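Everything numeric in this text was worked out from a predicted model, so none of it was measured.
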Amino acid sequence: MTQRRQQVLSVYADMIASGQEVRLAELARRCGLWGYSDARRVLDDLKRMGAVG
């Protein structure tokens, strides 16, 4: 797993654990991605890998 995917997975898990709604724009901002479309692409990759439900 790449460092970027690990970072997105970590931030995603933190947002879920704290009870926040996971918004792609917020996820992208926290991870330093260019936009929500990059966050969607990484989340789709994580879903295909089985890391995110």
Report the C-alpha separation of Val11 and Glu26 in whole Å, then their side-chain angles, then the decisive distance to 0.1 Å, and conclude whether the side chain to side chain contact (heavy atoms under 4.5 Å, CB included) test is met.
CA-CA 10 Å; Val11 171; Glu26 179 69 17; over 6 Å; no
Looking only at non-hydrogen atoms, find the nearest pair between Ala28 and Gly35 and report the distance.
CB-O, 3.4 Å
Between Gln6 and Thr2, does a side chain to side chain contact (heavy atoms under 4.5 Å, CB included) hold up when you go through it step by step?
CA-CA 6 Å; Gln6 289 174 351; Thr2 64; over 6 Å; no
Looking at Arg4, I want to see if its CZ is surrounded by more than 12 non-hydrogen atoms of other residues, nucleotides or ligands under 6.0 Å.
yes
Set out, in order, the CA-CA distance, both residues' side-chain angles and the distance that settles side chain to side chain contact (heavy atoms under 4.5 Å, CB included) for Asp38 and Leu24, then state yes or no.
CA-CA 9 Å; Asp38 289 337; Leu24 293 175; over 6 Å; no
Salt-bridge present (Arg48, Asp45; N to O < 4.0 Å):
yes
Do you know the tightest heavy-atom contact between Arg23 and Met15?
N-CE, 4.1 Å
For Leu27 and Tyr12, which heavy atoms make the closest approach, and how far apart are they?
CD1-N, 3.9 Å
Mark yes when over 12 heavy atoms from residues, nucleotides or ligands other than Gln20 sit less than 6.0 Å from its CD; otherwise mark no.
yes
Does any part of the side chain of Gln7, heavy atoms only, come nearer than 4.5 Å to the side chain of Val42, both counted from C-beta?
no
Please report the closest heavy-atom contact between Met1 and Ala51, naming both atoms and the distance.
CE-CB, 4.5 Å
